[in-house]
Amino acid sequence: MPKGRIEAFADGIFAFAATLLILNLVVDQTRPLTPQLLDNWTSYAAYAVSFLTIAIIGANHHTVMHQIGHVDRFFLLVTAVFLMFIAFIPFPTRLLALDIRGSDAEPAALVYGVTLTGTALMFNVLWRYAATGRRLLRPDADQRVVDGISRSYLLGPISYGFATLVALASPQVSAALYAAIAAFYVLESSLFGRGAAR
């Protein structure tokens, strides 16, 4: 099967999920604005972390699709589940923004972490199915790039899984770890992209 339509569909889901994040930033028009803007810092932080996370996953998905020559039905099904997780990200982002300072901080941080761990797991299933035995890869796909992607993506489920478990002890530390993971992948993606270009 050609891969063009699945790429277009995935791009739409990434754009949709990133756009929905802004709906979490709201103010009450019946109350003074300045205190609300200052008090909403957790919403700004959650928006930034989730937006960067979606953006990096989207960039990495383009990297994956560049290595793939064709797709099959199983790949399409795995991609559908992967994109389901992407579209779900705005919901736990809102929970984290609203509840990280309250009594429901732990379940909010857990839902966020489980969502991103599931996303990372499905991304790994998607990539490793395509790359194992070069099943769906382009004939001219550079093996060094393929191996680099495999090593890089392995960290995702581990790091998000660890951050999720930390939420059981400290939801605030867990949230900080989610931000640190996003920052790491921004840096890693730019360095890997520069190396791949060479």
Is there a path of hydrophobic side-chain contacts, each under 4.5 Å between heavy atoms, that joins [X] and [Y]?
X    : Y    : value
L83  : V114 : no
L116 : L110 : no
V49  : F184 : yes
L121 : I149 : no
Y153 : L136 : yes

Hey, what do you get for [atom1] ([X]) to [atom2] ([Y]), rounding to the nearest 0.5 Å?
X    : Y    : atom1 : atom2 : result
T119 : I57  : OG1   : CD1   : 5.5 Å
I68  : H61  : CD1   : NE2   : 7.0 Å
N24  : L96  : CG    : CG    : 10.5 Å
I56  : L187 : CD1   : CG    : 10.0 Å
L21  : I89  : CG    : CD1   : 8.0 Å
T93  : L23  : OG1   : CG    : 11.5 Å

Would you mind reporting whether [Y] and [X] have side-chain heavy atoms less than 4.5 Å apart?
X    : Y    : value
F16  : I86  : no
W127 : Q67  : yes
S174 : T164 : no
F75  : I6   : yes
M122 : T117 : no
L25  : N40  : no

Member of Q143, R144, R151 meeting the side chain to side chain donor-acceptor pair (under 3.5 Å) criterion with D147:
Q143

What salt bridge (Lys or Arg N to Asp or Glu O under 4.0 Å) pairs are there with at least one residue in residues 4-31, not counting sequence neighbours?
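Counting only pairs at least two positions apart or across chains, no salt bridge (Lys or Arg N to Asp or Glu O under 4.0 Å) contact touches residues 4-31.
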
Quick test of your reading: applying salt bridge (Lys or Arg N to Asp or Glu O under 4.0 Å), list the pairs with at least one residue in residues 34-62, sequence neighbours left out, ordered by first then second residue.
D39-R101

Got a sec: does the CZ of F162 have more than 12 other heavy atoms crowding it under 6.0 Å?
no

Atom OH of residue position Y44 - does it have more than 12 heavy atoms of other residues, nucleotides or ligands inside 6.0 Å?
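Buried by this count: over 12 neighbours within 6.0 Å.
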
Y129 side chain to N124 side chain, donor-acceptor N/O pair below 3.5 angstrom
no

Evaluate the criterion side-chain contact (heavy atoms from CB on, under 4.5 Å) for residue pair F14 and I54; output intermediate values, then yes/no.
CA-CA 7 Å; F14 284 117; I54 291 172; 4.0 Å; yes

Check [X] against [Y] and note the closest heavy-atom contact, atom names and distance.
X    : Y    : result
I181 : A163 : CD1-CB, 4.2 Å
A87  : A17  : CA-CB, 4.2 Å
S50  : Y112 : OG-OH, 2.8 Å
R134 : A141 : NH2-O, 2.8 Å
P171 : I100 : O-CD1, 3.6 Å

As a quick check of understanding, evaluate side-chain contact (heavy atoms from CB on, under 4.5 Å) for T79 and M65, giving each step before the final call.
CA-CA 11 Å; T79 298; M65 295 307 293; over 6 Å; no

When Y160, Y185, F85, F82 are each screened for ring pair (Phe, Tyr, Trp, His ring centres under 6.0 Å) with F123, the one that passes is F82

By ring-ring contact (aromatic ring centres under 6.0 Å, His included), Y47 pairs with (sequence neighbours left out) F51

Given 3.5 Å as the limit, does a donor-acceptor pair link the side chain of S159 with the main chain of G156, or not?
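Such a contact is found between S159 side chain and G156 backbone.
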
Short side-chain to backbone donor-acceptor contact, E106 and S170, under 3.5 Å:
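Absent.
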
